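None of these values were measured; they are calculated from a predicted model.
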Amino acid sequence: MAVGVARALDRKGLKVGILDLDYRSPCVPLVMGDQTGQLRHGPNDSIQPCVINGIAVMSMAYIWPPDKCVMVEDKDAVDDVKQLLKPDTIEWPRLDFLVVDSPPTSSGIVVATLAHPGISGALAISHPSSVSRAALLRTLDLFAEHTVPVYGVVSNQGMAEGKPRFDLSDDHIRAVAQEFELPLCFVVPHTSELAPYFDELVDKLLLVSPVILPRKVPSDRVWKEFVKLAKTL
Amino acid sequence: MELDDCLNALNVLQEAFLAFINNSELQVAEGRRCVLGLADLKYHQRHYYFEVTGSRITLVDRYEHYNTLILAPLRSVLRVLQGTLEGDEEAFGKEWARGKAKVVGEKNFHDAIMFADVFKRLARLVRRYRELLAAKAS
């Protein structure tokens with residue numbers, strides 16, 4: 001998804017970079033079809049990202065051996081990601097957009113990413129399945145907790161040749177978008193010709209303003225009942 | 001014995017490095033001092049630090065001034081050196097991914113990446129060195 005969005009922005013003539021923050025299972029260079037890149041020493045002890053078809057890419061895939069599991073402790077991984085997010089660590093070329101590909105969890109890595117003040121907006125991706133929808137709800141809650149502006153949700157690859165691939169439909173993801181009053185809900189089908197869909201998605205992304213989701217707080221009634229119970233105890 | 005293996009590996013790496021490194025390679029890591037130290041020091045009476053830069057790889061007694069210190073267990077260091085000697089470009093990356101190496105320093109992430117790059121280039125040099133030696137012997 002991140003690669004599709006980045007390529008669509010690139011097709012519009014915008015300068016784009018991708019930061020692959022899937023620390024333990026990075027795959028952006030693989031998806032982009034070029035894993036031969038090598039990180040280079042940049043000025044002032046920075047790291048120069050690789051460039052694939054005009055898009056600057058920084059990924060842990062350039063560091064980890066492709067066939068080894070990554071057992072770096074969480075604390076050390078978070079420290080690495082924090083360094084990656086510092087403005088002077090990566091010598092990015094002049095960019096209009098930096099697309100950050102983040103794993104779908106509430107791990108320390110994701111939390112460190114969401115704490116970055118430079119985020120203009122987030123896009124939540126979900127298959128139309130019960131499992132993925134549950135992760136989507138948690139992700140939106142995480143965005144609310146960290147007051148991250150949200151563009152919307154994408155229902156990803158739910159239909160292939162007119163047939164559903166998962167146990168839910170795109171309408172279930174639309175319902176989530178409506179429930180959270182998100183400005184954008186987009187559907188990407190399962191097809192080999194994805195470019196037109198990403199072009200349309202990016203057109204819409206550039207038009208909408210992301211919203212900060214309200215944090216869920218207990219209603220007055222629940223709160224009063226709780227206080228009453230506490231006093232009784 | 002393991003330390004002897006380390007020292008032997010270092011000697012071969014050093015020889016390969018000095019024989020084939022060129023000026024542009026020398027300049028890559030110039031100004032940065034990365035030190036690979038042994039983390040399991042309680043098993044050893046002395047501190048052993050291997051200094052690896054773009055220009056050399058040596059064993060030093062103790063390092064007071066470094067930009068980045070990578071602390072790893074002796075077995076881990078040995079695996080890196082042996083792997084590099086066998087021409088494995090991922091020898092350092094594998095140990096880093098294992099989570100055994102702790103990297104300390106202001107720009108530790110940058111330096112660890114450069115450190116990994118030095119070992120990749122060393123592995124390539126060793127492969128080249130081995131091929132040339134074999135050709136000379138025949």
Side-chain angles (χ1 to χ4, degrees), chain A residues 19-27 29-30 35-50 56-92 107-109 112-113 116, chain B residues 23-34 39 52-55 66-73 75-76 79-80 83-84 86-124:
Chain A
L19 178 55
D20 181 3
L21 282 188
D22 204 340
Y23 186 88
R24 297 178 197 282
S25 302
C27 62
L30 175 69
Q35 299 176 82
T36 59
Q38 192 163 346
L39 298 172
R40 296 283 175 201
H41 187 78
N44 300 318
D45 299 326
S46 61
I47 302 159
Q48 286 186 330
C50 297
V57 180
M58 173 62 203
S59 170
M60 294 303 287
Y62 294 123
I63 298 163
W64 305 136
D67 56 346
K68 296 289 171 195
C69 66
V70 177
M71 296 186 286
V72 177
E73 285 178 20
D74 284 348
K75 182 187 164 298
D76 295 331
V78 170
D79 284 347
D80 285 348
V81 167
K82 281 180 179 172
Q83 283 202 41
L84 275 173
L85 291 166
K86 279 185 182 173
D88 59 346
T89 302
I90 312 290
E91 183 73 13
W92 294 104
S107 68
I109 289 172
T113 309
H116 195 277
Chain B
N23 281 338
S24 65
E25 286 167 333
L26 283 174
Q27 286 164 9
V28 171
E30 203 170 273
R32 305 295 300 173
R33 193 174 292 162
C34 302
V52 183
T53 72
S55 59
Y66 56 83
N67 298 108
T68 293
L69 174 67
I70 300 172
L71 278 171
R75 280 179 185 280
S76 211
R79 274 196 292 264
V80 173
T84 307
E86 287 160 11
D88 180 5
E89 293 184 26
E90 303 288 357
F92 181 81
K94 283 175 186 169
E95 288 308 306
W96 192 5
R98 257 182 227 266
K100 296 290 182 190
K102 301 287 174 196
V103 191
V104 185
E106 187 190 351
K107 293 218 169 191
N108 58 41
F109 190 71
H110 161 272
D111 283 356
I113 287 176
M114 292 305 117
F115 208 70
D117 186 47
V118 164
F119 275 105
K120 277 184 184 179
R121 290 187 294 120
L122 269 172
R124 271 178 234 142

I'd like to check the side-chain hydrogen bond (donor to acceptor under 3.5 Å, both in side chains) partners of Asp88(A); sequence neighbours left out, ordered by chain and number.
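side-chain hydrogen bond (donor to acceptor under 3.5 Å, both in side chains) list for Asp88(A), sorted by chain: empty.
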Could you check which of [options] has the highest count of heavy-atom pairs closer than 4.5 Å to chain B?
options: Lys86(A), Arg40(A), Met60(A), Gln83(A); result: Gln83(A)
options: Asp76(A), Ile63(A), Ile90(A), Leu39(A); result: Ile63(A)
options: Asp67(A), Thr89(A), Asp79(A), Leu84(A); result: Leu84(A)

Restricting to non-hydrogen atoms, name the atom on Arg124(B) and the atom on Gln38(A) that form the minimum distance, rounded to 0.1 Å.
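Nearest pair, atom of Arg124(B) first, then Gln38(A): NH2-OE1, 3.5 Å.
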Toward chain B, the part of Asp74(A) with a non-hydrogen atom under 4.5 Å:
neither
Measure the shortest side-chain to side-chain distance between Val81(A) and Thr113(A) over non-hydrogen atoms and say whether it is less than 4.5 angstrom.
yes
If you measure only the distance, is there a donor-acceptor pair under 3.5 Å linking the side chains of Ser76(B) and Glu95(B)?
yes
